Protein chains: 2
Amino acid sequence: MSVSNKSLQIQKTYEALFALEDIREIFRQSLPTGLDEAQQGEFSATLARIKEVIADLETGDGRPACNRIGTLDPRTREKEFINIHPIQAAGRLTPEARKAIISYGDGYSTCDYCRKPFRLDKISRPPIEEFHAELARFVNMDQARVVPGARRGFQAVAQSLVEKGDSVILSTLAHYTEFLAVEVAGGVVKEVPLSEDNTVTAEASAQKIEDVKKETGKLPALMMIDHFDYQLGNEHDVRGMAKVAKEYGIPFLYNGAYTVGVMPVDGKEIGADFVVGSGHKSMASVAPSGVLAVTDEWAPRVFRTTQMEGDLTKRKFGIKEVENLGCTLMGGTLISMMASFPAVKDRVQRWDEEVRKSNYFLEQFLRIQGSKVLSEWPRKHTLTKVDTTGSFDLVAKTHKRRGFFFSTELKERGIIGEFAGATRTWKLNTYGQTWEQIKYTAESILDIAARHGLNVS
Amino acid sequence: MSVSNKSLQIQKTYEALFALEDIREIFRQSLPTGLDEAQQGEFSATLARIKEVIADLETGDGRPACNRIGTLDPRTREKEFINIHPIQAAGRLTPEARKAIISYGDGYSTCDYCRKPFRLDKISRPPIEEFHAELARFVNMDQARVVPGARRGFQAVAQSLVEKGDSVILSTLAHYTEFLAVEVAGGVVKEVPLSEDNTVTAEASAQKIEDVKKETGKLPALMMIDHFDYQLGNEHDVRGMAKVAKEYGIPFLYNGAYTVGVMPVDGKEIGADFVVGSGHKSMASVAPSGVLAVTDEWAPRVFRTTQMEGDLTKRKFGIKEVENLGCTLMGGTLISMMASFPAVKDRVQRWDEEVRKSNYFLEQFLRIQGSKVLSEWPRKHTLTKVDTTGSFDLVAKTHKRRGFFFSTELKERGIIGEFAGATRTWKLNTYGQTWEQIKYTAESILDIAARHGLNVS
């Protein structure tokens, strides 16, 4: 099968999927008793079209039909290409999640059987309550809630714990959403400096706590640390820092945006008071989604229920949680997390293999003279920052398309997701590629180097 | 076509959709150059299965295959039944949205072409920036952002404007999420009493403001009013109340959870400083989604950008907005809003017809002796609270299945979405039903009444 052949088949797959959605719509417009004549006609015509599409899909022949959805072109990147985008790799949906959102895309689709006490995480059909219990076990914490992205987990914790002017300890490589969560809560960010190896350590965080105490006269109200940071994908000593936090009596939030859903995470063993994960980043879920897991000690504070009372009606809203604003992910987002969850639980057990693939790819990459890995080495993660100033950027300097030559070369080989035009420092993520795909990607990049006269050892 | 025939065809439609997802997965696991032998074999086998399913779909024969996704049963309610659920009606996805999420379900699917300044609403491919401008025009406000549900819009405004202990004016019929937004911001709820006709008026709100001023020595910091409330679906005088708010210099938030996306909304004409809408409730979108639109006057405050600076690194994060925590709906949620938007813009123009259908249905319903409409009459909305204490509840009193007899009778006729077991006061929403479906639903309910010996005039 040629590349264009595969491309047409992907197109035809969408044509068939979309035509089946047209079939669904006919059912939706019909009476429970069945289709009327016009609907039956439309049904037959659509089915005839589907059969043609399926025939084309089988042979890889045929003309592409217009597949646009209004102003949207269907996204085919994950099928036509190998995607090395730094933040997209582990958020790709599993087939189970894709099937689930086909069936549960509608607005409040999870709320068919919502009964007293009327809270999302208490719904038993679909098994949302059970999923929440499983989520908590998955990261070995006591309680868990789904939230609209990891950032909303940071926010819930920060707003519960941080008073105006309070200090919050973050890493010098902290993600910007942690900054914003501190800011929205009225706190002030204090960064733990990096060691020479570009990680933050227990020692440095203890020193920072002391500095803050001396400077402000007060201990920090919270410490939020990324297990693996978003810039280099380096591992930071979360266990050591959680221990330091405990010694000072400072609550410790473990930011697992790059770990929960790809590698095993044991919140209690780490010593975390809060574990936050990202659905769309690392749990194969629709955005925005994530998880906030807490210990029983902190649950009453972070998951506190509403106390507000209507001054006239004396209305109160029972067990609705203030920081979560009641229910959080009432439809396709939650369903995608639930549907992916069995595969996610399974895949975290294969993390070592993912790291091996990451290292294999980068070993090949380093054969290109002048190329560097800026992240710690060997890699403990699939997200890596590389420096090609001494290799591909040399080519870009004299190439008429400048840095874009590199993107074009990659794309011609079916690889995308690098930052288009960047040939100095850039990030990539090999997560989820098969060995065949990893080898193909490595060979492709070596081939591009050789083609442009770079030395490959 | 019999009911069971249609039911099997719906099942077969899912089987075909799910099998096509298996095809997509084969492409995802393959190399850009094409499928290997094993993949080709899987492709052929899956395609053979699809052809059988399509044949069954056509004839309405065949045996159902197992369609479960892990522990999830596919949701077929919107196709097998007419759904009168009070909060689900206008959140049902359009076919365009369903197609779009098939193609854009993956985590950060909207972020392929994210470039400087790296903010969701600035992305031009897909046309997210343009969509934001259109959203603002749609509700005639100056600027708009998508948010993870209307509640997150209330929160952003409340946290920006309300200081600890400040009063916030809400209606006595205010939604609980407004209570929570006030609470999380540290404010105190003050309710405007209802008039005899179960609406809140300009006069009553002016009086309430005076009362609060007298009681607390301070004007309320914010007023949030639902145009149509969630309890009765009654219309409240938002124009009059916005005018009162303006006179007192109190910012006015228009809660359009039950209007934006189903009827025309003109924020400036209403006199709103903020317009909030719900994607999953009224804009045919995946949850959690919504819109927060503001005037240029308030944008700098509610959409203020981060000022936080790393104490060591001096890092700042440019135009990331504090209350939105940077980007909000980075994938399927936003794409569903965008894909549904042309249909949504169109359907708001047909709101009168929806109200006519609502009134037609309820006129038929009122023919059942002892039945009442608790909402204002005639209806100006499709969400209605009814009272069947004098009709179906009389039957329930002596029926061995109590109130559940009514759900069973409805379900047997292909109607769902009422609160199972409730035969006293309950809510329904006729939004989006065709005239044929409306008439069918009305006839069904009259038939149930007659069958159980209730008088039908």
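By convention in this document, chain letters (A, B, ...) are assigned in the order of the sequence lines, proteins followed by strands, and residues within each chain are numbered from 1. Here the structure is a predicted model, which means the values were calculated and not measured.
No side-chain donor-acceptor contact under 3.5 Å links A/Arg28 to the backbone of B/Pro95. Although no hydrogens or angles enter the test, the distance criterion places a donor-acceptor pair under 3.5 Å between the side chain of B/Glu191 and the main chain of A/Thr313. Under a 3.5 Å cut-off, the side chain of B/Lys6 and the backbone N or O of A/Leu31 do form a donor-acceptor pair. A donor-acceptor distance shorter than 3.5 angstrom exists from the side chain of A/Thr333 to the backbone of B/Ala287, with no hydrogens or angles considered. The backbone N or O of B/Ser109 sits less than 3.5 Å from a side-chain atom of A/Arg75, completing a donor-acceptor pair. Of the possible donor and acceptor atoms, none in the side chain of B/Glu96 sits under 3.5 Å from a partner among the backbone N and O of A/Ile69. Using modelled atom types, one side-chain atom of B/Gln437 and one backbone atom of A/Ser30 make a donor-acceptor pair closer than 3.5 Å. With A/Glu21 contributing its side chain and B/Arg98 its backbone, the two residues share no donor-acceptor pair below 3.5 Å. Although no hydrogens or angles enter the test, the distance criterion places a donor-acceptor pair under 3.5 Å between the side chain of A/Glu183 and the main chain of B/Gln307.
Taken from CZ in B/Arg24 to OG1 in A/Thr76, the straight-line distance is 10.0 Å, to the nearest 0.5 Å. Taking CD from A/Glu78 and OH from B/Tyr104, the interatomic distance works out to 11.5 Å, rounded to the nearest 0.5 Å. Atom OG1 of residue A/Thr110 and atom CD of residue B/Gln88 lie 8.5 Å apart, to the nearest 0.5 angstrom.
Heavy atoms only, all atoms of each residue included: A/Thr177 and B/Leu325 are closest at CG2-O, 4.0 Å. Nearest approach of A/Pro148 to B/Pro288, heavy atoms of both residues: CB-CG, 4.4 Å. Scanning both residues, B/Pro127 and A/Leu72, for their nearest heavy atoms gives CD-CD2, 4.3 Å. Taking all atoms of both residues into account, the shortest heavy-atom contact from A/Leu93 to B/Gly107 is CD2-N, 4.4 Å. In terms of heavy-atom proximity, B/Asn324 sits nearest to A/Arg152 at O-NH2, 4.1 Å. Shortest non-hydrogen contact noted between A/Leu57 and B/Leu20 is CD2-CD2, 4.1 Å.
Heavy atoms of B/Gln433 lying under 4.5 Å from chain A are absent altogether. Proximity to chain A (any heavy atom under 4.5 Å) is shown, for B/Phe18, by both the backbone and the side chain. Both the backbone and the side chain of B/Ile335 come within less than 4.5 Å of a heavy atom of chain A. Neither the backbone nor the side chain of B/Lys316 has a heavy atom closer than 4.5 Å to any heavy atom of chain A. At a 4.5 Å heavy-atom cutoff, B/Phe131 makes no contact with chain A through either its backbone or its side chain. Using a 4.5 Å cut-off between heavy atoms, B/Ser285 contacts chain A through its backbone alone, with no side-chain atom that close. Within the 4.5 angstrom heavy-atom criterion, only side-chain atoms of B/Phe419, from C-beta onward, approach chain A. Neither the backbone nor the side chain of B/Asn67 comes within less than 4.5 Å of any heavy atom in chain A.
Between A/Lys208 and B/Leu312 the shortest side-chain heavy-atom distance falls below 4.5 Å. In this structure the side chain of B/Phe43 reaches within 4.5 angstrom of the side chain of A/Gln9, judged on heavy atoms. Counting heavy atoms from C-beta outward, A/Gln155 and B/Gln155 have side chains that approach closer than 4.5 Å.
Within the structure, salt bridge (Lys or Arg N to Asp or Glu O under 4.0 Å) contacts touching residues 323-335 of chain A (residues at least two apart or in different chains) are A/Arg304-A/Glu323.
Considering only heavy-atom pairs separated by less than 4.5 Å from chain B, the leading option among A/Ser336, A/Gly149, A/Cys111 is A/Cys111. With chain A as partner, the option from B/Asp22, B/Asp36, B/Val322 having the largest number of non-hydrogen pairs under 4.5 angstrom is B/Val322. Highest contact tally toward chain A, considering only B/Val192, B/Val184, B/Val189, B/Leu17, is held by B/Leu17 [criterion: heavy-atom pairs under 4.5 Å].
Shown here are the side-chain contact (heavy atoms from CB on, under 4.5 Å) partners of B/Phe317, two or more places apart in sequence or in another chain: A/Tyr176, A/Phe179, A/Tyr230, B/Thr306, B/Arg315, B/Lys320.
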